[in-house]
Amino acid sequence: KLDIADIPDQVYGGQPVKPEIRIANGKNVLAEGTDYTVEYSDNDAVTDEAKAVITGCGNYKGSVQKSFVISAYSITSAQVSGIPDTVVFTGDSIEFTGIKVTVDGQTLVNGTDYTITYENNVNVTDGGAYVIISGIGNYGGQIKKAFSITARNLSRCSIDPIGGQIHTGAAVKPDVT
């Protein structure tokens, strides 16, 4: 009787997943290409139903199908660029357009492989603002990168002249917006 080992769970790595198949006839391990061939299907993305169809050749005949799981590749060790350490307060939510996420030399696509959200990205904070990158699709896990928002220096701001004030004999206190 042939012993065909179950295929352990695999991790998606950007390419179709083709796990090694182990078939034994007693103590003899069969050789792929000589004793059997393997055709894979549904093996190019995260799934619970990837398949390997093993077909005997040479001294072996017939075929059998083995299913296996392909899990999301974790982005927790990805290289992330485009997030400065410090930015100056603007009064608006601070978001970055040039974020680049790379896993094992492969550049991932925002909206397809990951999403970006922000936390505490409006007011001045010393390292308490965050960019949160979450894997989606074939990628999983999360990266949280901190950045600081520093106070804007008013001496570098332009102030428009205050016009239209009428002298009343008392101190004038115009509305500042």
Donor-acceptor contact present, side-chain Asn138 to main-chain Val46, <3.5 Å: yes
Partner residues of Ala170 under the side chain to side chain contact (heavy atoms under 4.5 Å, CB included) criterion, sequence neighbours left out: Thr168
Tyr36 side chain to Ile21 backbone, donor-acceptor under 3.5 Å: yes
Side-chain donor or acceptor of Ser148 paired with backbone N/O of Thr150 under 3.5 Å: no
Residue pair Val103 / Ile75: nearest heavy atoms and the distance that separates them: CG2-CG2, 4.2 Å
Any donor-acceptor pair under 3.5 Å from Lys51 side chain to Glu49 backbone: yes
Hydrophobic cluster (4.5 angstrom, side-chain heavy atoms) - remaining members for Ile132: Tyr130
Backbone N/O of Leu2 and side chain of Asn25: donor-acceptor pair under 3.5 Å: no
Any Tyr118 side-chain heavy atom under 4.5 Å of Ile94 side chain: no
Side-chain (Tyr40) to main-chain (Pro19) donor-acceptor, under 3.5 angstrom: yes
Sub-4.5 Å side-chain heavy-atom contact between Lys66 and Ile54: yes
Gap separating the CD1 atom of Ile83 from the CD1 atom of Ile116, nearest 0.5 angstrom: 7.0 Å
Reported OG1-to-OH distance for the pair Thr112 and Tyr139, which is rounded to 0.5 angstrom: 10.5 Å
Ala78 to Ile143 - nearest heavy-atom pair and separation: CB-CD1, 3.8 Å
